[in-house]
Amino acid sequence: MATYALVLFTFLAVVSSQAFASDPSPLQDFCVADMKSEVFVNGLVCKNPKDVKAEDFFFPGLNKAGDTSKNPGSNVTLVNAQKLAGLNTLGISLARIDFSPNGGLNPPHIHPRATEVLTVMEGTLYVGFVTSAPEFKLFSKVLYKGDVFVFPQGLIHFQFNIGAVPAVAFAGLSSQNPGLVTVANAIFGSNPPISDDVLTKAFELDKKTVDWLQAQFANSI
Ligand SMILES: *[C@@H]1O[C@H](CO)[C@@H](O)[C@H](O)[C@H]1NC(C)=O
């Protein structure tokens with residue numbers, strides 16, 4: 001019995017360490033990314049610490065709103081390790097998200113490598129996330145200025161401006177490179193496209209509707 005429990009525990013430990021991948025801990029004070037390096041490692045290559053300057057830990061301009069005029073009416077300004085070299089190996093990033101009035105949407109998406117904690121600076125957002133199978137339970141809430149909500153790693157989530165004024169939120173993410181899978185774009189806008197036979201069956205849609213959806217999301221980012 002004890003042997004069985006040990007085997008089960010070992011199995012769970014192995015499985016869960018893979019299922020909950022997160023950024024590794026740093027092995028030095030900092031590892032400012034050398035954006036010019038052509039070496040591929042897990043993260044970005046460090047530049048020589050002697051060449052590191054205050055500017056390497058700095059990113060300006062998050063006071064400026066992103067342009068939300070394009071569908072679906074939101075704009076994410078993400079400050080990850082690619083944009084702020086000093087974030088390399090530190091396991092966090094930051095985003096400003098702007099929403100157009102009356103329906104600006106940050107559509108359902110996943111960050112494969114990060115939990116997100118979001119706070120509303122201006123406006124009113126209806127936000128939520130859905131748990132994994134078999135429950136697929138939606139946790140949602142209307143957020144006002146100053147409210148904070150957390151979206152657990154790897155789950156589908158969204159934010160929607162239900163107010164009549166522009167909304168602004170800031171989000172912290174638990175990875176230097178959270179990654180983004182926008183659900184509709186990944187499914188209907190993949191390159192090359194997923195076969196109609198798969199999509200008609202998966203979504204119980206006719207071919208015409210699948211083709212229409214693919215046309216909406218083709219070449220989208
Ligand atoms: C987000 O806003 C910036 C700054 O206004 C703009 O350059 C960029 O094209 C916008 N992105 C989208 C997807 O609209």
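- Under the salt bridge (Lys or Arg N to Asp or Glu O under 4.0 Å) criterion, the residue pairs touching residues 139-149 are Glu122-Lys145, with sequence neighbours excluded.
- Asp34 places no side-chain N or O within donor-acceptor distance of the main-chain N or O of Val45, the cut-off being under 3.5 Å.
- Side-chain atoms of Ser74 come within 3.5 Å of backbone N or O of Leu105 as a donor-acceptor pair.
- With contacts defined as side-chain heavy-atom distances shorter than 4.5 Å, the pair Asn106/Phe99 qualifies.
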Inset, instruction - Apply salt bridge (charged side-chain N to carboxylate O under 4.0 Å, His left out) to the pair Asp211 and Lys207, showing each step before the final yes or no. - result: CA-CA 6 Å; Asp211 289 344; Lys207 188 178 170 323; 2.8 Å; yes

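- Taking the ring centroids of Phe57 and Phe30, they lie under the 6.0 Å cut-off.
- For the salt bridge (Lys or Arg N to Asp or Glu O under 4.0 Å) condition, the pairs that include at least one residue of residues 49-61, sequence neighbours left out, are Lys47-Asp56.
- Put simply, OG on Ser174 and CD1 on Ile92 are 10.0 Å apart, with the number rounded to the nearest 0.5 Å.
- Ring centers of Phe139 and Phe151: at least 6.0 Å apart, outside the cut-off.
- Here the side chains of Phe129 and Phe158 are not in contact, with every heavy-atom distance at 4.5 Å or above.
- Judged by distance alone, the side chain of Thr115 and the main-chain N or O of Gln153 form a donor-acceptor pair under 3.5 Å.
- Remark: Met121 CE is loosely packed, at most 12 non-hydrogen atoms of other residues, nucleotides or ligands lying under 6.0 Å away.
- The shortest distance between side-chain heavy atoms of Leu199 and Ile187 falls below 4.5 Å.
- Gln176 and Asn80 share no donor-acceptor pair across their side chains, judged by distance under 3.5 Å alone.
- You'll find the side chain of Met35 stays beyond 4.5 Å of the side chain of Lys83, heavy atoms only.
- With hydrophobic clusters built from ILVMFWY side chains whose heavy atoms lie under 4.5 angstrom apart, Ile156 shares a cluster with Phe188.
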